[in-house]
J.: 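Let me begin by handing over the structure; questions about it come next.
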Amino acid sequence: MSNNSSKDSSEINKIWYYFRRKKLAMAGLVIVAMIFIMAVFAPLLAPHDPHSITRHRFEAPGTADHVLGTDNMGRDILSRVIWGARVSLLVGILASVTGTIIGITLGAVSGYFGGWVDNLLMRITELFMTIPRFVLALVVISFFGTGINRLILVIGFLSWPGMARIVRSEYLTHKSHPYVESGRVIGMSDWRLIFIEILPNVMPQVVVVATLDIATAILLEAGLGFFGLGDPNLVSWGGMLSLAQGYLRRAWWMSVFPGLAISLAVLSFNLVGDGLNEATNPRLQSEGFNTAESKLSGGKT
Amino acid sequence: MSKKGEGRSLGQYALLRIAQALPLIIAIIIINFLLINLAPGDPVTALIGEFPVPQEYVEEMRANFGLDQNIAVRLVRYLGNVLRGDLGFSFNYRVPVLDLVLNRLGRTIILMISAITFASIVGISLGVAAAKWRNSFIDNFAVAFATIGYSIPVFWSGQILILIFAIWLGWLPSGGLQSIRGDYFGWALIVDRARHMILPMLALSLRYMALTTRLTRSSLLETLNSDFILAAKSRGVKSRGILWNHGLRNAAMPIITVVGFHFTFMVAGSALVETVFGWPGIGRLLYTSITARDFPVLLGILLVVSVAVILVTLITDLLYAFVDPRVTYD
């Protein structure tokens, strides 16, 4: 069959070969790695407890003790930015994984079987693409209460339609390939063909979309945090910006640093996603840059 | 791809798309209904919000919503109410929800339209310049701008704009619809309001400017490399003529694409930007209703905004078919 492990690893080598030639994508990867390190080692890296309230309120950045200043309750901004990486990454990655699992399942079934199943699933996908995700997430979280698990679930359940469309179109082309037809001839079941034979060949596209989805999920989580619907027990960048809104005249640093952190996180995942897209798609090698629109518009090209 | 005339006509296509949009609207009303019924505690809480209301009103809502009936009856009643325009009553504002939402909708639409217009003008200019002088400084700038602008959250760019233009430079007001103490009429009022709209408009447009730049540049590069441009060149058409007459005719597509596919995101962006700038539109209403736990308003906004998105998608699809004759009507 087409996918044994040596072929898979050579495929990964090939993608890496193209990927590492892209300076922007590599820069994105370095930033992603740094945010990971920040998130994992937050207790070691943060100079202060991010929750500890002190009397050093509104301290401007640049002092030895508080490099990025303090907020309205005297909490250390640098420590809060470092701890905030945890929430952003956790929600971003797990929501993207949730959306990816739903998107792969629905897209694969839709593309492989076609017919009325496809029709029905695509109508549902259309409904979820139309409905304003952010507003729906706000309503659901206001109704059911917040918490990091709910944030992940809600964002995940609202972010699968793009993935479903792309996976569907991949399955549409793959299902008539000789390797699938010969599998069918020797009596492989549909499920085996869908998840064991075809899926590995679709994975590069899936990884690209999932990476770009992480960026979108981080933005969505930050937006919910800004609306005061983040997990109240955890430090999040969106929540910090929400707090900063009330003190813009007093303490610009309360806004600048968390905002910079969100932007860098989103930018780096977008760069990695774009780089992967070009590396997995040799057709795009020459054009560079201009290729992620199809992903951004949900695969409708 | 079939040519126009072979398949359906544009009129038939329009009817078909409208017929497809209706079930979507019904589906969204059903989602709203499910949210009310799945809400923790009593559905009445979801219908009224967390306000101390008279017991008689609670009873009236129970009867009106048919809480003593089975779920199918309730769904039909709810559909009937919504289709008649009854989205409930806001106890926070003491007005019917639909009036409240429609009242605010206009301000959000003005903000969105000006942001899209501004983003299109800047984005297309930058994209055209980048495609024309490929790999030049301006091209690199456009690419960097498009990548970074797409990653910055709108509420943060809003705060940064306030910091720079309202607080440090003092050129523009930091928020609100108009000057509180100013007593303006006629032109002066319009100018005053426009000054208040500049920063929110800029904040909201940044992301779409980035997208439009990116789409214009890539679609123009693709077009300029295509055969019909080569043919035009060989006929001796000057390069400026090629860019404007042949290339840019295709530039309407990026705008329609951005508006059509990203309208739902723009709704989110507008909600956040309005909150940053205290712009009294739908987004600001959303924020205050979350804080006040005014659930009927939240549901009303979700419904109205979803229907707006369906209509915008419908219109852009039709425009697409109208502008680009290659689009097939199926």
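Hydrogens, waters and symmetry mates play no part in the numbers below; they use all other heavy atoms, side chains included. Note on naming: letters A, B, ... go to the chains in the order of the sequence lines (proteins, then strands), and numbering restarts at 1 for each one.
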J.: Could you tell me which portion of A:L24 (side chain, backbone, both or neither) has an atom closer than 4.5 angstrom to a non-hydrogen atom of chain B?
T.: neither
J.: Closest approach of B:V309 and A:T130, non-hydrogen atoms and distance?
T.: CG1-O, 3.2 Å
J.: Any idea how A:F226 and B:F155 line up, ring-wise: parallel (<30°), tilted (30 to 60°), or perpendicular (>60°)?
T.: parallel
J.: Search all heavy atoms of A:R249 against all heavy atoms of B:I167 and return the closest pair with its distance.
T.: CG-CD1, 3.5 Å
J.: How close do A:L219 and B:R207 get, heavy atom to heavy atom, and via which atoms?
T.: CD1-NH1, 3.4 Å
J.: Could you measure the distance from the CG atom of A:L127 to the CD1 atom of B:I31? Nearest 0.5 Å is fine.
T.: 4.5 Å
J.: How many angstroms lie between atom OG of A:S142 and atom CG of B:D294, to the nearest 0.5 angstrom?
T.: 11.0 Å
J.: Go through the atoms of B:L298 and report whether side chain, backbone, both or neither lie under 4.5 Å from a heavy atom of chain A.
T.: both
J.: Against chain A, label B:L24 side chain, backbone, both or neither, depending on which of its atoms sit under 4.5 Å from a heavy atom there.
T.: both
J.: How about A:F58: does its CZ atom have over 12 heavy atoms from other parts shown lying under 6.0 Å from it?
T.: yes
J.: For A:W116, does the CH2 atom have more than 12 heavy-atom neighbours from other residues, nucleotides or ligands under 6.0 Å away?
T.: no
J.: Where does A:A222 contact chain B at under 4.5 Å (heavy atoms): side chain, backbone, both or neither?
T.: both
J.: Verify, without hydrogens or angle tests, whether B:W156 (side chain) and A:S255 (backbone) share a donor-acceptor contact under 3.5 angstrom.
T.: yes
J.: Could you check A:L248, A:L260, A:V256 and say which one makes a side chain to side chain contact (heavy atoms under 4.5 Å, CB included) with B:I160?
T.: A:V256
J.: Hey, does A:F227 have a side-chain heavy atom less than 4.5 Å from the side chain of B:I290?
T.: yes
J.: Applying the side chain to side chain contact (heavy atoms under 4.5 Å, CB included) criterion to A:F134, which one of B:V267, B:V305, B:L272 satisfies it?
T.: B:L272
J.: Please check: side-chain N/O of B:Q159 versus main-chain N/O of A:L241, any donor-acceptor pairing under 3.5 Å?
T.: yes
J.: Is the CZ atom of A:R123 crowded by more than 12 outside heavy atoms at less than 6.0 Å?
T.: yes
J.: Got a second to check how far A:L267's CG is from B:T147's OG1, nearest 0.5 Å?
T.: 7.5 Å
J.: Would you mind reporting whether B:L299 and A:F143 have side-chain heavy atoms less than 4.5 Å apart?
T.: yes
J.: Check each atom of B:V276 against the heavy atoms of chain A and say whether the ones under 4.5 Å are side chain, backbone, both or neither.
T.: both
J.: To the nearest 0.5 Å, what is the distance between CG (B:L35) and CG (A:L136)?
T.: 6.0 Å
J.: I need the residue from B:S151, B:S157, B:A166 with the largest number of non-hydrogen atom pairs under 4.5 Å to chain A.
T.: B:S151
